[in-house]
Amino acid sequence: MSPESAAGTTVTVAIGAAGDVVLARQSARNLALDCGLSLIDQTKLVTAVSELARNTLIHGGGGGMRASIVRDGVRRGVSAVFEDSGPGIADLDLAMTDGWTSGTGLGLGLSGSRRLVDSFEIDTVPGRGTSVAIVKWAR
Amino acid sequence: MSPESAAGTTVTVAIGAAGDVVLARQSARNLALDCGLSLIDQTKLVTAVSELARNTLIHGGGGGMRASIVRDGVRRGVSAVFEDSGPGIADLDLAMTDGWTSGTGLGLGLSGSRRLVDSFEIDTVPGRGTSVAIVKWAR
Amino acid sequence: MSLRVPVLRIGDSLLVSIQTDLDDGSVLVLQEDLAARVVEDGATGVVIDISAVEIVDSFVGRMLATIAAISRMLDAETVVVGMRPAVAITLVELGLTLGGVRTALTLEKGLKVLDDARDQRPQGLPDDPELR
Amino acid sequence: MSLRVPVLRIGDSLLVSIQTDLDDGSVLVLQEDLAARVVEDGATGVVIDISAVEIVDSFVGRMLATIAAISRMLDAETVVVGMRPAVAITLVELGLTLGGVRTALTLEKGLKVLDDARDQRPQGLPDDPELR
Ligand SMILES: Nc1ncnc2c1ncn2[C@@H]1O[C@H](COP(=O)(O)OP(=O)(O)O)[C@@H](O)[C@H]1O
Ligand SMILES: Nc1ncnc2c1ncn2[C@@H]1O[C@H](COP(=O)(O)OP(=O)(O)O)[C@@H](O)[C@H]1O
């Protein structure tokens with residue numbers, strides 16, 4: 001378990017190339033382990049992180065992820081926030097629809113990762129950028 | 001047949017955890033039996049109660065169900081009212097659409113349970129809460 | 001508070017019989033237990049007996065469809081047996097048709113479905129698993 | 001920076017075992033390598049071992065479906081082996097069911113599936129390559 005990702009610490013990953021998506025996955029996985037997420041919850045979290053980090057890179061034109069262990073009373077969880085200064089999303093309802101893609105993906109990144117986590121918040125301004133914040137709580 | 005659920009009595013179930021949804025189902029089932037609902041009507045009523053109790057918990061942030069046997073002339077039926085002080089529903093038409101969900105459900109709870117009962121009334125104020133009242137009459 | 005539903009083994013298949021009114025948490029645990037057991041036991045079939053189940057709402061309905069889809073990816077076939085007529089009628093009215101889920105009237109028939117599927121395995125596996 | 005995943009040969013089949021967390025570029029390279037090798041080697045089967053893979057996201061999921069579809073067009077059958085239960089559960093929740101992809105629990109079982117398919121070849125080729 002990496003000490004950098006202990007409770008309270010924030011891990012930052014700059015997302016500018018395909019390899020950074022791998023780094024984002026690995027950082028999220030370390031935090032999930034430290035936080036005591038079950039194997040299934042780890043898998044769900046890391047999968048969601050992979051989808052969102054790829055979106056930051058491909059659709060957002062690059063950006064970053066900040067991830068940390070968070071608490072809510074006695075519950076512990078992993079939070080990850082993705083931010084970019086890309087084109088933003090004009091029609092969010094459409095973008096959140098299963099199977100809808102403006103590009104060549106499967107259109108499951110946003111809708112699917114929302115199903116995989118406990119909290120999913122998206123904030124986007126056309127022409128300014130997009131931020132997506134997720135939390136997965138340990139059960 | 002439980003005496004608590006005899007005609008005229010009101011059963012109240014506080015809905016604050018997953019187990020309370022089970023209690024709500026069981027209370028509705030007892031009333032349906034007392035009231036003489038057919039097996040199919042019992043099944044429809046209890047299924048609707050399950051959907052609405054889960055909505056009270058998940059979307060309404062908790063609340064309660066009041067259920068009782070009601071009369072209308074010679075007809076007898078089971079009434080159940082679900083109430084919460086949650087976020088309310090901003091776009092009710094959308095929420096009542098088959099398959100529409102703001103979360104991770106199938107989006108069939110409201111639209112489907114409306115089809116399962118004889119009377120379905122929903123009252124919601126954004127920021128204040130939601131109340132849903134249903135009745136299933138014995139045939 | 002959650003109950004754990006036992007997963008039994010019959011030959012190459014796993015059998016789950018739902019006997020109590022499960023809360024949502026227990027339903028999710030069952031889903032995970034079954035996926036783990038399919039792999040551990042190398043099971044080729046899963047039978048879910050719902051003959052004692054009085055209602056199937058959208059949450060449990062989705063669990064059945066999800067178990068079928070997960071098992072299929074783990075190379076096992078799922079059959080739901082014993083659905084009561086009132087439950088079937090209610091599910092359709094609710095709007096769930098469980099398109100991707102195989103059903104059989106009885107446990108015996110369900111096991112037979114799995115046996116037949118096993119005999120034909122090489123030819124081609126059923127595909128097109130849709131969640132609804 | 002991209003890693004090249006080695007493609008091994010066992011009899012008439014090609015075997016790929018994904019052992020590291022691949023970036024998207026490496027995933028695409030693997031897809032191309034496999035297509036080329038199916039033709040060069042005249043392979044009739046492809047086994048993709050994902051037992052070491054901790055997550056399959058929509059990109060990798062699509063790669064698996066695409067390899068299966070491409071191989072089929074080149075007259076080879078693909079089997080994905082060793083999917084972890086947590087991966088299967090997550091994929092279904094993500095919305096991917098990999099309908100057109102054959103799976104088996106272990107490498108041995110996967111090779112067996114290909115052997116059986118080979119025995120039946122003259123009868124007709126499997127078709128209907130669906131991406132999801
Ligand atoms: N960070 C982002 N910046 C701009 N647009 C985005 C971003 N993330 C998602 N989108 C838009 O939402 C659509 C749906 O995203 P998603 O569900 O992840 O599917 P996919 O990535 O396969 O297209 C994308 O095709 C894109 O148009
Ligand atoms: N009690 C409630 N309080 C607030 N919102 C609700 C409530 N019940 C339903 N909703 C809203 O209506 C939507 C549709 O509800 P429903 O048809 O039951 O589907 P689901 O529960 O699967 O999302 C929900 O996703 C939610 O946004």
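Here the structure is a predicted model, which is why all the values come from computation and not from measurement. Residue numbers begin at 1 in each chain, while the letters A, B, ... track the order of the sequences.
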Taking all heavy atoms of B:Ser79 and all of B:Val70, pick out the closest pair and write down the distance. CB-CG1, 3.7 Å
Which bit of C:Val60 comes within less than 4.5 Å of chain B, counting heavy atoms only: side chain, backbone, both or neither? neither
Check: C:Val7 main-chain N/O paired with C:Arg37 side-chain donor or acceptor under 3.5 Å: yes
Turns out that what part of B:Val21 lies under 4.5 Å from chain C's heavy atoms comes down to neither
Under 4.5 Å from a heavy atom of chain C, the part of B:Ser113 involved: backbone
On a heavy-atom basis, which atom in C:Thr66 and which in C:Gln31 lie closest, and how many Å separate them? CG2-NE2, 3.5 Å
Given B:Val46, B:Asp41, B:Thr47, the one with more heavy-atom pairs under 4.5 angstrom with chain C than any other is B:Thr47
So does C:Ser26 get a backbone contact from the side chain of C:Asp23, meaning a donor-acceptor N/O pair under 3.5 Å? yes
Does C:Lys112 come within less than 4.0 Å of C:Asp115, counting only side-chain N to carboxylate O? no
Between B:Arg25 and chain C, with a heavy-atom cut-off of 4.5 Å, which part of the residue counts as in contact: side chain, backbone, both or neither? side chain
For residues 127-139 of chain B, give me every residue with a non-hydrogen atom less than 4.5 Å from any non-hydrogen atom of chain C. none
For salt bridge (charged side-chain N to carboxylate O under 4.0 Å, His left out), just list the numbers for B:Asp98 and B:Arg115, CA-CA rounded to whole Å, side-chain angles, deciding distance to a tenth of an Å, and then say yes or no. CA-CA 11 Å; B:Asp98 259 351; B:Arg115 284 189 291 268; 3.1 Å; yes
Can a donor-acceptor pair be found, under 3.5 Å and without considering hydrogens, that links the side chain of C:Asp41 to the backbone of C:Ala43? no
Could you go through the side-chain hydrogen bond (donor to acceptor under 3.5 Å, both in side chains) check for B:Ser27 and B:Asn30 one step at a time? CA-CA 5 Å; B:Ser27 309; B:Asn30 286 338; 5.8 Å; no
Between the side chains of C:Arg84 and C:Thr90, does any donor sit under 3.5 Å from an acceptor? no
Examine whether an atom of C:Leu91 lies under 4.5 Å from a heavy atom of chain B, and if so say whether it belongs to the side chain, the backbone or both; otherwise answer neither. neither
